[in-house]
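Remarks on the structure that follows.
Just so you know, these numbers use all the heavy atoms, side chains as well, and skip hydrogens, waters and symmetry mates.
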Amino acid sequence: MSTLAHSLPPTLRDTSPVANGMALTREPLVFFERLAREAGDFAHYALNDRVVYFVNEPKLVREVLVAHEDSFRKWAFNDSFRLIFGDGLIGSYGELHRKVRKVAQPSLQQNRVSGYAETIVDLAERQQTEWREGEIDLSSEMTLLTVEVIVRVLFSTSLGNRARRILEATRTLMRLSTKLGGAPEDVRAFAEANATVSAIADELLEEGASAGGEGNLLSHLLAAHARDENALSKDQLREEMRTFLLAGHVTTAQSLACACWLLARDPVSEKTLHEEVDAVLAGRRPRMEDLPRLSFCEMIMLETLRLYPPVWVFGREALRDVNLDGFTLPAGSELVICSWLLHRNPRVFPEPESFDPERWRNDARARLPRCSYLPFSTGSRNCLGEHFAMMESVLVLASIAGRWKFRDLPGEHDPGWTPQLLYWPRRGIRLQAEYRATP
């Protein structure tokens, strides 16, 4: 027992596997903050059936996610992760992951993504024609917009009235993602929501195949399936449709709604944003070629993703014995990397709790320590849609900022930020919408 204890990095004093499990269930971010504060940035915690390693130092994070990434595979920190993402691009690993990533990559490369800009702005402008002054549920509005964007540009079809079904299914999956061991009605509701996503994915697969779009994600998946049905089966096609339908919209929707919520509380940043949009666009709709001049829009999104990263935690499992910071992690060891906590490191981000888009000026991101900022992960498992998500976010934010401003509702509505499957506003983001008086 003493040998095992000496082979492990530090841990919390005066705790137990049962207490650790309860703390992780109730308030995981509070638990990780305490672990970093009291045990350090490379630590461990015991649960009833295993030991989990906690990695919170950028250099060590890089060892895991980049330098020795082949020694690890993805591990689902949340039990519902596999039920939702299955063996799609996000949930798979090894040869299957590499194969699907290679198929999907051309449709999401930066040169291809630029062709989606006009459709994104069209949909954003159309969505806003339905808005009125007064209370607005931005979580819903941004979800309806971003899911339609994904379906149009990647699948060459349209959701139509199914968008509301995806909205409700997504909310249910997020809300119940940490309750699968609870009440039978919660388990049943989760399964029904998951089945709704699968049914719509099947419909979109059929419709997109009939539409015959070229160069988009679905066309690449269908071509790979036609070349070798064993390499990319019909079931695997559905897994990928589900993955991109959910992951392709939900994180961007949340980040856009969150950016508006943060701006509603920061009149200085809001003023700077409006000045930039008015100067660059002069009342017209944004275009792809405007992106280099919409730098403050991008800075707002980078800061939003720092403070409220939808993917708040990464899990990895060691495939073989790995040496990390002088400790040997046996094959099968599980590791946790908390991006939410990395993004609040005061040594990297001064006044880390403050919303300060200015911290990103003059390409500050390029000067950060490697692996200190991970809204899109890194290494071979970095988000394929990073360029797409950032382009979409900047164009949509610029479109909205040209017409609208937002204020807190009376009583300062609390979104209820919660680390579930994603870092999620469980009460939604609702604000007071006001027309902008533009020059």
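Checked by atom type and distance alone, the side chain of Q254 never pairs as donor or acceptor with a backbone atom of S139 at under 3.5 Å. Between the side chain of R242 and the main chain of V197, no donor-acceptor pair closer than 3.5 Å is present. Of the possible polar contacts, one joining the R426 side chain to the G416 backbone as a donor-acceptor pair under 3.5 Å is found. Panel note: side chain S399, backbone L395; no donor-acceptor pair is recorded below 3.5 Å. S107 places no side-chain N or O within 3.5 Å of a backbone atom of N216 that could act as its donor or acceptor partner. Side-chain atoms of K74 never come within 3.5 Å of backbone atoms of R316 as a donor-acceptor pair (strictly under, hydrogens ignored).
When the side chain to side chain donor-acceptor pair (under 3.5 Å) test is applied to E275, the partners found at least two apart in sequence or on another chain are K271. Annotation: side chain to side chain donor-acceptor pair (under 3.5 Å) contacts of R407 (sequence neighbours excluded): E270. Under the rule for a salt bridge (charged side-chain N to carboxylate O under 4.0 Å, His left out), the partners of R427 that lie at least two apart in sequence or sit in another chain are D414. With sequence neighbours left out, the ring-ring contact (aromatic ring centres under 6.0 Å, His included) criterion links F31 to Y45. Among residues two or more places apart in sequence or in another chain, the salt bridge (charged side-chain N to carboxylate O under 4.0 Å, His left out) test is passed with R73 by E317. A search for side chain to side chain donor-acceptor pair (under 3.5 Å) contacts involving R370 returns nothing, not counting sequence neighbours. Considering only residues two or more places apart in sequence or on other chains, R293 meets the side chain to side chain contact (heavy atoms under 4.5 Å, CB included) condition with V280. Evaluation of the salt bridge (charged side-chain N to carboxylate O under 4.0 Å, His left out) rule for E351 yields no partner, not counting sequence neighbours. Listed by chain and residue number, R306, R359, W360 satisfy the side chain to side chain donor-acceptor pair (under 3.5 Å) test with E303 (two or more places apart in sequence, or in another chain). Scanning for side chain to side chain contact (heavy atoms under 4.5 Å, CB included) contacts around E63 gives A67, H68, L324, with sequence neighbours left out.
Listed by first and then second residue, the side-chain hydrogen bond (donor to acceptor under 3.5 Å, both in side chains) pairs involving residues 325-336 are R50-E334, W75-E334 (not counting sequence neighbours). Note on residues 16-27: pairs passing side-chain hydrogen bond (donor to acceptor under 3.5 Å, both in side chains), not counting sequence neighbours, are T15-N20.
Side-chain polar atoms of R367 and N362 form no donor-acceptor pair below 3.5 angstrom. Side-chain polar atoms of S140 and R171 form a donor-acceptor pair below 3.5 angstrom. Side-chain polar atoms of S177 and Q420 form no donor-acceptor pair below 3.5 angstrom. Side-chain N/O atoms of R320 and S71 include a donor and acceptor closer than 3.5 Å.
For Y53 and F327, the distance between ring centers is not under 6.0 angstrom. For an aromatic pair to be called close, the ring centres must be under 6.0 Å apart, and W417 with Y423 satisfies this.
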